Amino acid sequence: MADDCQTEGTAPVTGDKPEDENAIDWWSILSDRDFLENPYPELRRLQALGPVHFDERNGIYFILGHKAFARVSKSSEMGRDTRNWAGGWNSDDYRQYDPVGFKLFSEFQPQMINSDGEEHKRMRKVYEPAFRAQAMTSMAPLIEQQAARLLDAMPEEGEVDFIEAFAGPLPLRVLCELFDIPESLDETIGRWSASLIRIGDILMTPDQKQEALDALSEFKDFLREQIQSREGRQEDNLMGLAIQANRDGTLNEEETLTNLVSMLVAGHETTVTLIGNGMLLLLRHPEELARLRNDSGLIRTAIEEFLRMEPGGNMILRVAREDFEVEGTVIPKGAPVIGLIGAINRDPARFERADDLDLARPANAQFTFGGGAHFCIGAPLARLEAQIAFASVLERFPHIELAGEPEWRLDRMNARGLGHLPLRVRTAA
Ligand code: HEM
């Protein structure tokens, strides 16, 4: 989600210790252009050095092993409340070093992803009914309808940018439907979402932080008005659940608004990325594409394999609530821990032929949706949307091929998604 890994949020380390010249320079590696284009060879090299690493320069623990991350992500000693990050954004030093960043993180704080224990449970419980199986069954026709509409607008034969024409607009429209927001506002919501998804990314510039603060404030004002205009209505959609929880005191106003904003941001770009990255995987593996075309029953395992191979989100954050031992390393209370999902999902100790795409891969324990108490609440919706998206596209176009070089977006460290995916499509085989 927007903030599923808040990697930014520490004041620069002034450093009174001499630096180990063999130490891994994590931020340089993780933000390097070549790494962002294709992180997997470098991640494999780092993983071979061990499953848990301490980055002394920034005080961060990096997890690259599947077994280690399974423990870290699911343990109650490892939380997600970034206020507990010793020396993080909530410290006096950080407040002085970056007042705009501090304001941004503070205003984005009151939501379920940034809370632990009972506080987290109280918030999460409000939204859970919107993602249960029954709710998903009733969402399916709407997603199918939106997918068909986007496909109808594409040429029967010709070139299209798949991100612009399909993978981009579908998740936004579905989310807005979930919130009962009219289509005329898709562009505005999309703009706010694009600013807010950057929150916490270390590549975020001061201007982008200010832009995100403005977007957050406009978004909250918009939602406040929406809530007021629905006064007296009984709705069982996501917005209705939030309004009810605010009315009965389960959520205060800030929690109501911030969770709603976050939900819209969290469900948007992540799902665009799943559909875009998945399509590129299929086109780069024509034998697997043919396999899926011949056996549509593979769609569920295919989506899990897309999530494993090209996770979209690069990092998942935890903050130690207590001292915590994992694979021989003791992580001290208050320390930030980052799971590098591209490495974890391809750990050869857990996955056979870890770098191969296998659409029928059994027991696919990928970690793209995280784990434990914070496991992505929107995963059922994202999975359903992706299943419908791929089924619809493959049915409509028996012929699909790359029409040029795909372009990865290189302006974010926490996310790996395509900016452009040029395709040549044809409705006739
Ligand atoms: C492919 C699409 C998606 C991906 C890859 C994804 C990924 C994630 C990840 C990694 C987390 C944090 C998990 C952890 O810390 O262990 C998360 C949490 C969350 N996601 Fe998603 N997400 C996706 C779609 C969605 C959708 C569609 C929604 C809602 C409409 C959503 C809403 C949330 C929320 C509210 C949380 C916080 C849950 C909590 O803290 O309890 N996500 N997601």
Side-chain angles (χ1 to χ4, degrees), residues 1-6 63 69-76 78-82 108-117 119-128 130-131 135-136 139 143 167 170-179 189 193 197 200 237-239 241-242 255 258-278 303-304 306-319 336-342 344-345 366-387 389 414-417:
M1 55 169 307
D3 189 34
D4 69 69
C5 186
Q6 186 174 303
I63 309 282
F69 190 68
R71 279 206 59 224
V72 162
S73 64
K74 293 175 185 167
S75 304
S76 59
M78 300 302 280
R80 186 55 189 73
D81 187 336
T82 52
F108 210 51
Q109 168 63 38
Q111 53 168 309
M112 69 180 102
I113 188 73
N114 289 331
S115 55
D116 292 335
E119 193 183 24
H120 169 255
K121 274 193 208 141
R122 168 176 60 81
M123 293 194 221
R124 184 164 169 125
K125 229 169 139 186
V126 170
Y127 298 95
E128 269 166 355
F131 299 101
M136 291 303 102
M139 284 294 288
I143 302 171
L170 181 68
L172 184 60
R173 184 82 296 271
V174 169
L175 275 174
C176 289
E177 288 283 346
L178 197 67
F179 278 74
I189 304 281
S193 166
I197 191 83
N237 57 22
L238 201 65
M239 190 81 113
L241 293 171
E255 289 168 347
T258 315
N259 274 302
L260 284 173
V261 167
S262 187
M263 192 86 66
L264 260 160
V265 176
H268 178 206
E269 196 191 277
T270 47
T271 315
V272 175
T273 304
L274 168 57
I275 300 171
N277 292 5
I303 302 300
E304 296 310 296
F306 299 157
L307 286 161
R308 185 187 75 82
M309 286 285 286
E310 281 292 1
N314 293 335
M315 304 175 181
I316 295 183
L317 180 70
R318 290 291 183 270
V319 179
V337 181
I338 291 177
L340 293 175
I341 301 305
I344 291 162
N345 278 356
Q366 51 82 12
F367 264 113
T368 302
F369 289 124
H374 290 282
F375 179 83
C376 177
I377 198 173
L381 178 60
R383 284 176 164 137
L384 178 69
E385 243 180 285
Q387 285 165 21
N414 291 1
R416 174 169 165 77

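Owing to the predicted nature of the structure, the values given are computational and were not obtained by experimental measurement. Below, all heavy atoms of this structure are taken into account, side chains as well, without hydrogens, waters or symmetry copies. Whatever order the structure lists them in is the order used to number ligands and atoms, beginning at 1.
- For Ala130, the side-chain contact (heavy atoms from CB on, under 4.5 Å) criterion is met by Leu238, Leu241, not counting sequence neighbours.
- Gln111 places none of its side-chain heavy atoms less than 4.5 Å from the side chain of Glu255.
- Checked against a 3.5 angstrom limit, the closest N/O atoms of Arg124 and ligand 1 fall inside it.
- In summary, Arg173 and Glu177 engage in a salt bridge, as defined by a charged side-chain N under 4.0 Å from a carboxylate O.
- Those atoms of ligand 1 with a heavy atom of Ile113 less than 4.0 angstrom away are 12 (C), 37 (C), 40 (O).
- At a heavy-atom cutoff of 4.0 Å, ligand 1 is contacted by no atom of Tyr127, backbone or side chain.
- Residues that satisfy the side-chain contact (heavy atoms from CB on, under 4.5 Å) test with Arg71, not counting sequence neighbours, are Phe324, Glu325, Val326.
- Both the backbone and the side chain of Met112 come within contact range of ligand 1, each with a heavy atom under 4.0 Å.
- Put simply, part of Gly371 is less than 4.0 Å from ligand 1, judged by heavy atoms.
- Heavy-atom proximity to Leu175, at under 4.0 Å, picks out these atoms of ligand 1: 30 (C).
- Distances below 4.0 Å separate heavy atoms of Ile377 from the following atoms of ligand 1: 32 (C), 33 (C), 34 (C), 35 (C).
- In this structure, Met123 falls outside the shell of residues with a heavy atom less than 4.0 angstrom from ligand 1.
- Nearest heavy-atom pair across Ser193 and His268 is OG-ND1, 2.9 Å.
- Atoms of ligand 1 found under 4.0 Å from any heavy atom of His120 (numbered from 1 in listed order, with element): 39 (C), 40 (O), 41 (O).
- Proximity of Phe179 to Asn237: side-chain heavy atoms (C-beta onward) are nowhere separated by under 4.5 Å.
- A donor-acceptor pair is defined here as one N or O able to donate and one able to accept, closer than 3.5 Å; no such pair exists between the side chain of Arg80 and the backbone of Ala373.
- The nearest non-hydrogen atom to atom 42 (N) of ligand 1, considering only Ala373, Gly267, Cys376, comes from Cys376.
- Within the 4.5 Å cutoff, no side-chain heavy atoms of Ile316 are placed close to those of Ser73.
- Interface of Thr368 with ligand 1, defined as ligand atoms under 4.0 Å from a residue heavy atom, comprises 5 (C), 7 (C), 10 (C).
- If you check each of Arg318, Arg80, Met263 against atom 14 (C) of ligand 1, the one with the closest non-hydrogen atom is Arg318.
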